Number of protein chains: 2
Amino acid sequence: MHSFTEENYLKAIYKLQEANGLVVATSSLAQVLEVHAPSVTDMLKRMAGKKLVTYQKSKGVKLTEKGRQVAVGIIRNHRLWEVFLVDKLGYKWDEVHDLAEQLEHIHSEDLTNKLDSFLGFPKADPHGDPIPDANGILPKSKAVLLSTFAEGDQGTFTGVTDHSATFLNYLDKTGFSLGDPIKVKGIEKYDQTYTLQLKGKKEVVVSFKVANSLLLSQ
Amino acid sequence: MHSFTEENYLKAIYKLQEANGLVVATSSLAQVLEVHAPSVTDMLKRMAGKKLVTYQKSKGVKLTEKGRQVAVGIIRNHRLWEVFLVDKLGYKWDEVHDLAEQLEHIHSEDLTNKLDSFLGFPKADPHGDPIPDANGILPKSKAVLLSTFAEGDQGTFTGVTDHSATFLNYLDKTGFSLGDPIKVKGIEKYDQTYTLQLKGKKEVVVSFKVANSLLLSQ
DNA sequence: TTAATAAATTAGGTTCGTCTAATTTATTTT
DNA sequence: AAAATAAATTAGACGAACCTAATTTATTAA
């Protein structure tokens, strides 16, 4: 089995690769993992020895197929446990991340699959992030940022790109709820604020920053 | 927070203290934790430094109040997760120990309490072991070993002292089930075998070893 | 294209939790 | 009580995962 630390590196590399391209820099990893760069260099060497990543000195790192499998497995665990915490234990969507960070490292494929079944094979976690299936296949999302919408466009709110508790709280307070329809009533040229019509005709005005963190589908 | 290793030491010390008296020997710990004696000596020094145990060189170790609190908290977690695995995910009682050994180290009092509530505040785990409450109070069990019974005595099967999967499987196969009544029909003087009447009048013969691992109440 | 800056690595150290081999302390047995 | 055995500790090492300070390698700017 892999250590928690290794698994956290794998997850971080996976996410950075998804977000920013093929190869991940030492400094990016150091930043997201909150360790110093030499620790990362150290760890990457060890992980390369275990064939979890391919690492070229001063050229960055990427996952091997084996590393990718492990990373996706952890993401599957994480998102399933988030669903459990929200659906079964009554946690709010802004409270579950840290707990899921612990639970994701429980090592048992069988447990993961039984949990999946218990939860009714959910397709997405409480933030709308897709849950990889038992084969490590992660459905490609077709959601787009609200910030790409024009006046009159509409869609369904299906995800966020900012997972911070403060942002999620702001959404709650303002009346955003996953699965609800959103329509763009207007976009102010001057400061790029969006006037939106939420479910129940409620109108709200949000900044570009917010529009750029909301994912809509259809 | 405490490391998993520390928590496992605390749990082991607690259990040995409960079973065999006040002070726990280095060698006993080494045996149950499956490490070598010098590792234990080392660890106990560190833990004494953290006021989790009182340790006197060559004289054994015992928990401080602080250490006891942590140990009981972990046992609470362990047993609640076992209930979850059996009641909600459909695991059998002989399959849950190793998973619960992982889950018990999730650090969140709030999660533990929400889980407790979700499970309906169970009093005992799937093996009949009592679950400490949120204040770390563990109900004193009045159950006694079947091996202390005389002919004609009867009681309710409420726990085991051997938690091994092989023993639990044997019980399943032979027709023992937690909560069922058991009556002693006879005890063979020669080899101390017990003839028992189980629920539904089924008669079975078990060895002293088995009788000495079953806990009965009332 | 050289100089300045930023990124990454090497070198050397630390703590945690483990090990083996050697030694000391306790407990039994004679 | 002395000798033999068993239990525990000390000494010295090691790997994992981290650190700081110094150095090297890449990248960007002049």
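As a basis for the values below, the full set of heavy atoms in this structure was taken, side chains included, without hydrogen atoms, waters or symmetry mates. Below, chains carry the letters A, B, ... as their sequence lines are ordered, and counting in each starts from 1. Here the structure is a predicted model, which is why all the values come from computation and not from measurement.
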Undergrad: Evaluate Tyr55(A) against Thr41(A) for side-chain contact (heavy atoms from CB on, under 4.5 Å), listing each step before the verdict.
TA: CA-CA 9 Å; Tyr55(A) 166 66; Thr41(A) 303; 3.5 Å; yes
Undergrad: To the side chain of Arg46(B), which of dT10(D), dG17(C), dA17(D) is closest?
TA: dG17(C)
Undergrad: Under the criterion side-chain contact (heavy atoms from CB on, under 4.5 Å), I'd like the reasoning laid out for Asp133(A) against Asp116(A): C-alpha separation, chi angles, the key distance, then a yes or no.
TA: CA-CA 9 Å; Asp133(A) 69 18; Asp116(A) 195 15; over 6 Å; no
Undergrad: Relative to Phe118(B), does Lys88(A) satisfy both conditions: NZ or CZ under 6.0 angstrom from the six-membered ring centre, and within 45 degrees of the ring's axis?
TA: no
Undergrad: Applying a 4.0 Å non-hydrogen cut-off, can you work out what Thr26(A) is touching in the nucleic acid: base, sugar-phosphate, or nothing?
TA: sugar-phosphate
Undergrad: dT25(D), dA8(D), dT20(C): which one has an atom nearest the side-chain heavy atoms of Ala25(B)?
TA: dA8(D)
Undergrad: Give Ser39(B) one of three labels, base, sugar-phosphate or nothing, depending on what nucleic acid heavy atoms sit under 4.0 Å from its own.
TA: base
Undergrad: Side chain of Tyr55(A) only, heavy atoms from C-beta on: which candidate in dT9(C), dT18(C), dC19(D) is closest?
TA: dT9(C)
Undergrad: Taking 4.0 angstrom as the limit, do Glu104(B) and Arg79(B) come out as a salt bridge?
TA: no
Undergrad: Classify the nucleic acid contact of Phe4(B) as base, sugar-phosphate or nothing, counting any heavy atom under 4.0 Å across all strands shown.
TA: nothing
Undergrad: Tell me what Lys45(A) touches on the nucleic acid: a base, only sugar-phosphate, or nothing, going by heavy atoms under 4.0 Å.
TA: sugar-phosphate
Undergrad: Hey, does Thr41(A) reach any base, or is it just sugar-phosphate, or nothing, if we go heavy atoms under 4.0 Å?
TA: base
Undergrad: Do the side chain of Asp42(B) and the base of dC16(C) come within less than 3.5 angstrom through a donor-acceptor pair of N or O atoms?
TA: no
